[in-house]
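Residue numbers run from 1 in the order of the sequence given.
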Amino acid sequence: MMKNVYILVFNGMADWEPAIALCEIRRRGKLPVVSVGFSKEPITTMGGLKVTPDITLSKMNFEQALLVILPGGEMWQKKNPDFSEYFNKIESLERLLINFHKKGVPIAAICGATITMARAGLLKGIKHTSNAPDFLDKFVPDYGNKSDYVADFAVRDGNIITASGGGSVEFARRIIELLGIYPDNQIEEWYQMFKFGIGSFRKLPLLPNGNDASSVLGDKKDVDNS
């Protein structure tokens with residue numbers, strides 16, 4: 001059974017942050033992407049795109065989850081009244097994330113979404129990044145985890161990926177590595193092209209398993225923030 005990549009969608013989500021990763025997941029990885037909303041009501045992204053969620057949080061199934069992606073946005077800060085409809089619902093999401101993490105489901109959070117990872121306690125003892133350690137301190141009073149903070153665009157520690165708002169390419173790279181979308185010896189080539197425009201990324205052969213990257217995902221516990 002091919003598993004799903006779940007992406008949370010909500011009003012004001014920073015649509016560009018997960019965009020590169022999603023394109024590689026679908027184009028190269030041939031993996032199904034399922035949008036998840038707090039309700040089935042259509043949302044409007046920060047860039048003005050209208051998106052109707054495929055499912056709601058209650059329909060997410062850890063047995064069918066390959067990865068959960070959390071985009072950034074002002075919602076996570078619980079400060080802007082324009083997004084007050086979500087404030088209480090975020091707590092339900094955090095409980096779900098804790099459960100999914102216990103079941104071994106990878107979670108990738110970028111920019112403001114790292115706030116909810118900290119609130120849920122999912123960054124304790126985990127190498128991670130965000131927009132700044134003070135950013136997490138500001139919105140998560142009991143964060144207290146600066147010793148594990150890494151000043152980099154994106155960091156992967158086991159099944160947790162975090163990234164700053166300026167690290168969309170690095171965020172995609174960590175997800176590509178996690179899901180085995182490209183062979184290891186081609187990932188740096190991919191990165192150099194998408195980040196710096198260096199070289200021309202050549203067409204790669206199919207994955208040995210016939211484009212189903214889900215079977216490549218292993219229980220990797222490495223920390224990689226290079």
Side-chain angles (χ1 to χ4, degrees), residues 5-9 12-31 33 35 45-49 51 66-74 76 106-115 117-118 123 126-136 148-207 211 213-214 216-218 220-226:
V5 172
Y6 291 120
I7 178 168
L8 186 73
V9 297
M13 64 173 276
D15 42 11
W16 70 92
E17 291 176 344
I20 299 173
L22 291 174
C23 289
E24 293 296 346
I25 287 167
R26 293 191 72 250
R27 180 180 67 89
R28 167 66 183 177
K30 308 297 184 185
L31 295 168
V33 173
S35 59
T45 70
M46 195 178 293
L49 298 177
V51 179
L66 183 62
L67 172 68
V68 177
I69 298 177
L70 306 176
E74 290 185 55
W76 302 111
I107 303 170
I110 185 169
C111 195
T114 57
I115 294 172
M117 295 291 283
L123 301 183
I126 296 292
K127 297 298 181 184
H128 63 277
T129 194
S130 180
N131 295 335
D134 291 341
F135 177 78
L136 293 177
D148 287 317
Y149 188 91
V150 179
D152 207 338
F153 281 119
V155 175
R156 176 183 163 210
D157 189 344
N159 279 343
I160 298 290
I161 295 173
T162 51
S164 73
S168 59
V169 179
E170 288 78 8
F171 186 62
R173 176 176 179 163
R174 300 302 168 217
I175 289 173
I176 287 169
E177 291 169 347
L178 178 78
L179 299 180
I181 290 175
Y182 286 107
D184 289 345
N185 64 352
Q186 296 294 333
I187 292 176
E188 181 63 24
E189 181 182 355
W190 177 94
Y191 178 70
Q192 290 295 320
M193 178 180 172
F194 277 82
K195 184 68 174 181
F196 305 108
I198 297 174
S200 57
F201 194 53
R202 59 182 175 270
K203 184 175 177 61
L204 297 174
L206 298 179
L207 293 177
N211 277 345
S214 62
V216 181
L217 179 60
K220 299 179 181 178
K221 298 299 182 183
D222 58 307
V223 176
D224 189 351
N225 57 288
S226 59

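Ion pairing of E177 with R173 is present here, as a side-chain N (NZ or NE/NH1/NH2) and a carboxylate O approach within less than 4.0 Å.
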Tell me, with the steps shown, if Y6 and I107 meet side-chain contact (heavy atoms from CB on, under 4.5 Å). CA-CA 10 Å; Y6 291 120; I107 303 170; over 6 Å; no

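Looking at heavy atoms from C-beta onward, L123 lies out of side-chain contact with D148 at the 4.5 angstrom threshold. Side-chain contact between H128 and D157: absent, with no pair of heavy atoms (C-beta onward) separated by less than 4.5 Å. Looking at heavy atoms from C-beta onward, D15 lies out of side-chain contact with V51 at the 4.5 angstrom threshold. Proximity of L8 to V68: side-chain heavy atoms (C-beta onward) are nowhere separated by under 4.5 Å.
Taking the six-membered ring for Trp and thresholds of 30 and 60 degrees, F196 and Y191 have ring planes more than 60 degrees apart, a perpendicular arrangement.
With hydrogens and angles disregarded, no donor-acceptor distance shorter than 3.5 Å links the side chain of T45 to the backbone of M13. A donor-acceptor pair is defined here as one N or O able to donate and one able to accept, closer than 3.5 Å; no such pair exists between the side chain of R28 and the backbone of K30. With hydrogens and angles ignored, the 3.5 Å screen pairs no side-chain donor or acceptor of W16 with any backbone N or O of M46. The closest donor-acceptor contact from the side chain of Y149 to the backbone of D134 lies at 3.5 Å or more, if one exists at all. In this structure, the side chain of T129 engages the main chain of D152 through a donor-acceptor pair within 3.5 Å.
G72 approaches E17 most closely through the heavy-atom pair N-OE1, 2.9 Å. Heavy atoms only, all atoms of each residue included: I20 and A172 are closest at CG2-CB, 3.8 Å. Closest heavy-atom contact between P18 and I69: CB-CG2, 4.0 Å. Residues P71 and W76 approach most closely at O-NE1, 2.8 Å, considering heavy atoms. Between C111 and S130, the closest heavy-atom pair is O-OG, 4.1 Å. When every heavy atom of L136 is checked against every heavy atom of A118, the shortest pair comes out as CD2-CB, 4.4 Å.
Residue E189 is tested with Q186, Q192, M193 for a side-chain contact (heavy atoms from CB on, under 4.5 Å); the sole match is Q186.
A distance of 6.0 Å separates CG of L67 from CG of L178, quoted to the nearest 0.5 Å. For the atom pair CD of E24 and CG of L31, the computed distance is 11.5 Å after rounding to the nearest 0.5 Å. With rounding to the nearest 0.5 Å, the separation of CD1 in I160 from CE in M117 is 3.5 Å. Atom OG1 in T162 sits 11.5 Å away from atom CG in L70 (nearest 0.5 Å).
Scanning for side chain to side chain contact (heavy atoms under 4.5 Å, CB included) contacts around S164 gives N131, F153, with sequence neighbours left out. Judged as a side chain to side chain donor-acceptor pair (under 3.5 Å), and not counting sequence neighbours, S168 has no contacts. For the side chain to side chain contact (heavy atoms under 4.5 Å, CB included) test, residues two or more places apart in sequence or in another chain that qualify with A163 are I110, A154, F171.
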